[in-house]
Number of protein chains: 2
Amino acid sequence: MTTTPASFGINRRVLLATGASLPVLFGPALRVEQATAQADPLQSWSDNTSKQVIVEFVARVTRQGNPDFVPPDERIATFDNDGTLWVEQPMYVQLAFALDRVKALAALHPEWKDTQPFKAVLEGDMKTLAASGEHGMAELVMATHAGMTSEEFQRIVIDWLATARDPRFKRPYTELSYRPMIELLAYLRANGFKTFIVSGGGVEFMRPWTERVYGVPPEQVVGSSIKTKFQMRDGRPELFRLPEVNFVDDGPGKPVGINEYIGRRPIAAFGNSDGDLQMLQWTTMSGGAGLGLLVHHTDAEREYAYDRNTSFGRLDKALDAAAVNHWVVADMKDDWKRVFTFD
Amino acid sequence: MTTTPASFGINRRVLLATGASLPVLFGPALRVEQATAQADPLQSWSDNTSKQVIVEFVARVTRQGNPDFVPPDERIATFDNDGTLWVEQPMYVQLAFALDRVKALAALHPEWKDTQPFKAVLEGDMKTLAASGEHGMAELVMATHAGMTSEEFQRIVIDWLATARDPRFKRPYTELSYRPMIELLAYLRANGFKTFIVSGGGVEFMRPWTERVYGVPPEQVVGSSIKTKFQMRDGRPELFRLPEVNFVDDGPGKPVGINEYIGRRPIAAFGNSDGDLQMLQWTTMSGGAGLGLLVHHTDAEREYAYDRNTSFGRLDKALDAAAVNHWVVADMKDDWKRVFTFD
């Protein structure tokens, strides 16, 4: 293990939250939707096999009379978020949020100066933080994601996103969404699909901005969550966030979450890691028409390059399964003409 | 406690399931939607205060420039199911299902002849069944709702609904849905609302038929659930239903479920019992425009009459709260010209 945040060995099981929405400004999703109305809807995709397979799949399931035709109501598409729709390096954005929150709250917690893993965060000691493992991560998440109402947490997320900047690209994190994937979301919706996010990330961390950035409304976001408790305070009802895991939407949890929160089996699923393996199996191995796609991070120059040999965002079993199951492996370097909307 | 099923003291916490959808035939929802397109959309409602309040609320939140205007995306309406959208007497339909399943499965379980609460079910001994309490109910539910895949359970529900008949009306249970409420669902949708079911009943028991009967697709149904497990069997992925409670969507669980599964606060909520109290509080006491409505069962002749003094479907605290919070109390006898679609 190195000492860079990228190789943290951060476990998704501890990056959690839950959600609600605020009125938001127009973002990349709408801009892309407008731009693509007149032109090739997948203009950021190179004319390679990946694009062809996507377009042919959509044609097959939407053409009346085709044996693979699927009625619009059943055109469910599910997208992983971290590494599939936006950048997950050098660390999950939600982890960057948790670290910033520890720093922001440190004055209220003088004991953190001498308590791990908080001490490590405050001192920027990534090696010790990584060594605190899953238990340490859980402590960080609970200290920063629980102990307030859902509305208060939503406000904290929105305020943080407004000022936080990615260390490499020096841009708001919401701008580090992949333009080809935003085009793909819009293209599917234009073809009658209902698009959902199914992410290991915290649902309440995502819901405040997914509509603006991806065109996906809060009620179509499935994610990990902590428990909440209903209570009346001063005559007003509120939901209070508790430091207790409710649901982990990762790996085999993804088909479970899809069934529980959506209640239909997708016909298309998009991921980038072994945490998406079971979602793609569930989507494509039922006997009906099903599209599976993995984003393969092969472009260290424009973004990052990692798969089997990294402890972070590990893509290993799912890459083997892709070959067997004929899933599309979208090669970021070859298949994407542009990576970001700001390119 | 009497010995009729109606006074079971059945606890909602033990009537559970989870869901997915099948292609379904057109049902009451579509027929009502077509019929009301040309006429008064709430034609089964008498011209009383209840109807006026509903219509005025919808006008207020949908009229551009009105201070209470709500953008379409945020027009979320949530409906309880049992006793609000369809009949819950003489017992929850899902309990009737569980009892029938015990009888259907009895040949595979010879031990049930001598084991409670199964013995009571097989002998039609409702008094002993009631006395088995919450623990007995949980045993019934787990024996009939778990131990198969989600797809198998869905098929069992659909097959049962095709032949089961309500004991009083001698009709399929799905025909015992309330016409005025189906009109209300359609009316809200016609005004840009997104309609959700938020029920204490099992989500997988409801999802196979809610689109046909209410026009509510599976992904807009929130309910109680048992846990499921993802597994590969003979090279095919499946979700296996476990005899373990996952989520109880009742009472204070309803706002929790709304936040977790929908992620937005409703602006209108509809219920009929104390199990809906917190959902209506959450919906109407936030400061913004909010409509709360309780269906009051006052019509023993056309349906049933019950509220405070019954152990079943208890409406007590919520009736008090309705007066304080100006919720509509829809009087079935006075406010509904017709109760069922077959009237």
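A, B, ... follow the sequence lines: proteins, then strands. Residue 1 opens every chain.
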Trainee: Shortest non-hydrogen contact from A/Gly263 to B/Arg207?
Mentor: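 Shortest heavy-atom separation between A/Gly263 and B/Arg207 comes out as CA-NH1, 3.3 Å.
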Trainee: Answer with side chain, backbone, both or neither: which region of A/Lys254 has an atom nearer than 4.5 Å to a non-hydrogen atom of chain B?
Mentor: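 Answer is neither: A/Lys254 stays 4.5 Å or more from chain B.
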Trainee: Do the ring planes of A/Tyr261 and B/Tyr261 sit parallel (below 30°), tilted (30 to 60°) or perpendicular (above 60°)?
Mentor: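 Plane angle under 30°, so parallel.
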Trainee: Heavy atoms, side chains only, cut-off 4.5 Å: are B/Gln220 and A/Glu219 in contact?
Mentor: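 Answer no - side chains too far apart.
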Trainee: Could you check if a side-chain atom of B/Pro237 sits within less than 4.5 angstrom of a side-chain atom of A/Arg265, using non-hydrogen atoms only?
Mentor: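 The answer is yes, as the side chains (C-beta and beyond) meet within the 4.5 Å cut-off.
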Trainee: Determine the minimum heavy-atom distance between A/Leu239 and B/Trp282, stating which atoms define it.
Mentor: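 Closest pair (atom of A/Leu239, atom of B/Trp282, distance): CD1-CZ2, 3.5 Å.
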Trainee: So do the side chains of B/Met285 and A/Met232 get within less than 4.5 Å of each other, counting heavy atoms only?
Mentor: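 B/Met285 reaches A/Met232 side chain to side chain.
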Trainee: Closest heavy-atom contact between A/Phe230 and B/Pro252?
Mentor: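 Closest approach of A/Phe230 to B/Pro252: CB-O, 3.7 Å.
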Trainee: State the CG-CG distance between B/Asn246 and A/Asn246, to the nearest 0.5 angstrom.
Mentor: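 Output value for this atom pair is 7.5 Å.
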Trainee: Side chain, backbone, both or neither: which part of A/Gln231 has a non-hydrogen atom closer than 4.5 Å to chain B?
Mentor: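 Neither part; nothing is under 4.5 Å.
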Trainee: Please examine the side chains of B/Pro217 and A/Arg264, heavy atoms only from C-beta on, and report whether any two atoms are closer than 4.5 Å.
Mentor: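 Sidechains of B/Pro217 and A/Arg264: in contact.
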Trainee: Tell me whether A/Lys227 is salt-bridged to B/Glu260, with the criterion being a basic N under 4.0 Å from an acidic carboxylate O.
Mentor: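 So A/Lys227 does not pair with B/Glu260 through a salt bridge.
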